[in-house]
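Below you'll find the structure, written out as structure tokens, and then a few comments.
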Amino acid sequence: MTNYREILRLHSQGISQRSIAASCGCARSTVQRTLIRAEEHGLVWPLPSEMTEERLRKIFSPPGAVPLPVGHKEPDFEYIHREMGKRGVTLTLLWNEYCAQCREVGDIPFMYTAFCDRYRRYAARTKATMHLAHKPGEQMEVDWAGKTMEARDNITGEVIPAYVFVAVLPCSGYAYVEAFFSQGQEDWIAAHINAYQYFGGVTRILIPDNLKTGVARADWYTPVINSCYHEMAEHYGTAVVPTRVRKPKDKASVEGTIGIVSTWIIAALRNRKFFSLREINDAIWEKLDEFNNKPFQKKQGSRLSVFLQEEQSYLGTLPDRPFELAEWRVCIVAYNYHVSVDKMLYSVPHEYIKQEVSIRPTRSTVEIFHGGTRIASHLRKHGHPGQYVTLQEHMPENHLKYVQWNGERFLSWAKAIGENTVAVTKAILASRKIEQQAYRICMALLKLAEKYSPTRLEAACKRALSYTPTPGFKSIQTILATGQDKLPEEDESPHDASADFGFTRGPGYWGGDGHAE
């Protein structure tokens, strides 16, 4: 700002206009114009005591543009200022366009120097800023920091860049910082989820930049939000309001915090070596606690204390479960009424065989939709590929009879026949690595009671168990077919078999104790 008092004081001492301009840090034309206007208004040094700074500015620098010379056309500085924000546009280009417009209507254009001078005066007034008082719990501003951190592969020594995400609550300045190995959709969503968990609540408005992972199409009035980002915002009950293109002041809080974080966290950790993302984030969070607890320089308290006292209670409640990123897929239901997701198979109602369905897999669930309506939901399987997840209500009626049997049901059936039949059934169930493989054998065994009677089946099982502790179905079937189950049981009391044969000589016959001499 021009010091008009100093110009008049120095001029009263006989100092040249060139020296006055050098001393006051202004153009010599400004000194000349000030002295002319002072003479017009009869102002001499010393100035009257009632001459305030505001009155001086009105005399020497009246508000508004410089008086328009007769016949000259005033440029549309609002349009010019807006065009200057576009890539590749310069004042020279805009001045040439302005001159062409003047020639078309017969007006006199300003020379280039006057054009630039008048534009600078307009821009100086337009760039005036206003302090905005942020409401507690109203907004969360997010962005990636310009500087990155580094991790090293502990085998190859390769340097892997880590991108730093920053979220800040403008009211308190409370911040969250986390590093990721990419700036992709999955990491972008995960960063927001972790930020909400750190803050312990949700703001009503979320303000990102116009990056592709957040905004599918940037527009001044109606930006199109990325579908996954919009789904996350709906889950947390917040509204995404992107900044205007090339308008960093729309999220000034996070821009300022990124600058501080770059010094207090990223630069502070520049000499440490990290070998994993976990190590980087542990170090970041240690510094983040110091940053949020650091006292303000020009006011009482810290970011943490202001957050706890003024903002935390205004945050919205977190949902019962965190948002899970889902990548939508489309496929055709197979004849076995299952769909494949990462080589695992999940059932859908058999009525949708050979129809197109949409699949929404997350880390823990797999949801299947048809025509916008969810028709199936399963817990997601992990591990060996090829596993089936099947719900009985999805199966046709003629398939149900093959899956309604289980080991307990076969044992219950066997108990109605007898304990020996139960023992054989248990042996058959245990003979297979997968229990379901023995169901058909158990079914065949127990159906023998219908052909031969339960009493004979129990007797056959008892006889088979006397031969081996793990009899098979064929053995029992043979016993029943040959009628062995009807034979009287043998006397199993122990006796000396040699007593049945008189010619058998024992040790006593030889008069010895059984040891050779």
Side-chain angles (χ1 to χ4, degrees), residues 1-11 15-41 43 52-132 146 209-210 218-221 243-252 255-256 259:
M1 182 180 294
T2 305
N3 191 341
Y4 298 109
R5 286 181 181 271
E6 186 66 8
I7 291 175
L8 295 177
R9 186 184 70 82
L10 294 176
H11 177 67
I15 299 175
S16 67
Q17 293 184 13
R18 187 185 298 275
S19 299
I20 294 173
S23 177
C24 296
C26 60
R28 189 169 56 170
S29 59
T30 302
V31 175
Q32 184 181 20
R33 187 169 58 251
T34 301
L35 296 177
I36 292 173
R37 295 190 66 82
E39 185 178 353
E40 292 175 353
H41 289 77
L43 293 176
T52 62
E53 290 295 332
E54 184 178 356
R55 290 185 61 186
L56 278 177
R57 284 196 298 273
K58 288 182 178 179
I59 293 173
F60 296 112
S61 181
V66 177
L68 187 65
V70 178
H72 286 68
K73 180 182 178 180
E74 183 74 10
D76 184 355
F77 289 118
E78 182 179 352
Y79 165 79
I80 292 170
H81 192 64
R82 187 167 60 250
E83 292 298 303
M84 282 294 292
K86 298 180 179 179
R87 186 183 299 273
V89 178
T90 64
L91 277 177
T92 304
L93 173 63
L94 295 172
W95 177 72
N96 288 327
E97 294 176 352
Y98 159 72
C99 291
Q101 293 173 1
C102 290
R103 284 194 293 269
E104 290 178 1
V105 297
D107 290 331
I108 302 174
F110 286 100
M111 297 299 292
Y112 180 70
T113 52
F115 175 86
C116 293
D117 182 62
R118 298 176 83 86
Y119 169 70
R120 279 192 292 268
R121 289 175 182 271
Y122 171 85
R125 296 195 305 274
T126 303
K127 289 180 180 178
T129 59
M130 178 181 69
H131 172 72
L132 297 175
D209 209 338
N210 282 275
D219 184 85
W220 185 273
Y221 299 106
T243 62
R244 295 171 292 171
V245 178
R246 291 188 294 273
K247 296 293 181 182
K249 286 188 178 181
D250 287 357
K251 52 181 179 62
E255 294 289 346

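Residues take their numbers from the sequence shown, with the count starting at 1.
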**Request:** Check whether any side-chain heavy atom of Thr30 sits under 4.5 Å from a side-chain heavy atom of Thr34, and report yes or no.
**Result:** yes

By ring pair (Phe, Tyr, Trp, His ring centres under 6.0 Å), Tyr79 pairs with (sequence neighbours left out) none

The reported gap from CG in Leu93 to CD in Glu97 (rounded to nearest 0.5 angstrom) is 4.5 Å

When rounded to the nearest 0.5 Å, the distance separating CD1 of Ile7 from CD1 of Ile15 is 12.0 Å

The reported gap from CG in Leu35 to CD in Gln17 (rounded to nearest 0.5 angstrom) is 5.5 Å

Check your understanding: Quick check: does any side chain N or O of Trp95 sit under 3.5 Å from a backbone N or O of Phe110, one acting as donor and the other as acceptor?
Key -> yes

Check whether any side-chain heavy atom of Arg120 lies under 4.5 Å from a side-chain heavy atom of Asp117, and answer yes or no. yes

Does any part of the side chain of Phe115, heavy atoms only, come nearer than 4.5 Å to the side chain of Pro75, both counted from C-beta? yes

Sorted by chain and residue number, the side-chain contact (heavy atoms from CB on, under 4.5 Å) partners of Cys102 (sequence neighbours excluded) come out as Lys73, Tyr98, Asp107, Pro109

All heavy atoms of Ile80 vs all of Leu94, minimum pair found to be CG2-CD1, 3.6 Å

When every non-hydrogen atom of Cys116 is compared with those of Leu91, the smallest separation belongs to SG-CD1, 4.0 Å

Taken to the nearest 0.5 Å, the spacing of Arg18 CZ from Arg28 CZ works out to 4.0 Å

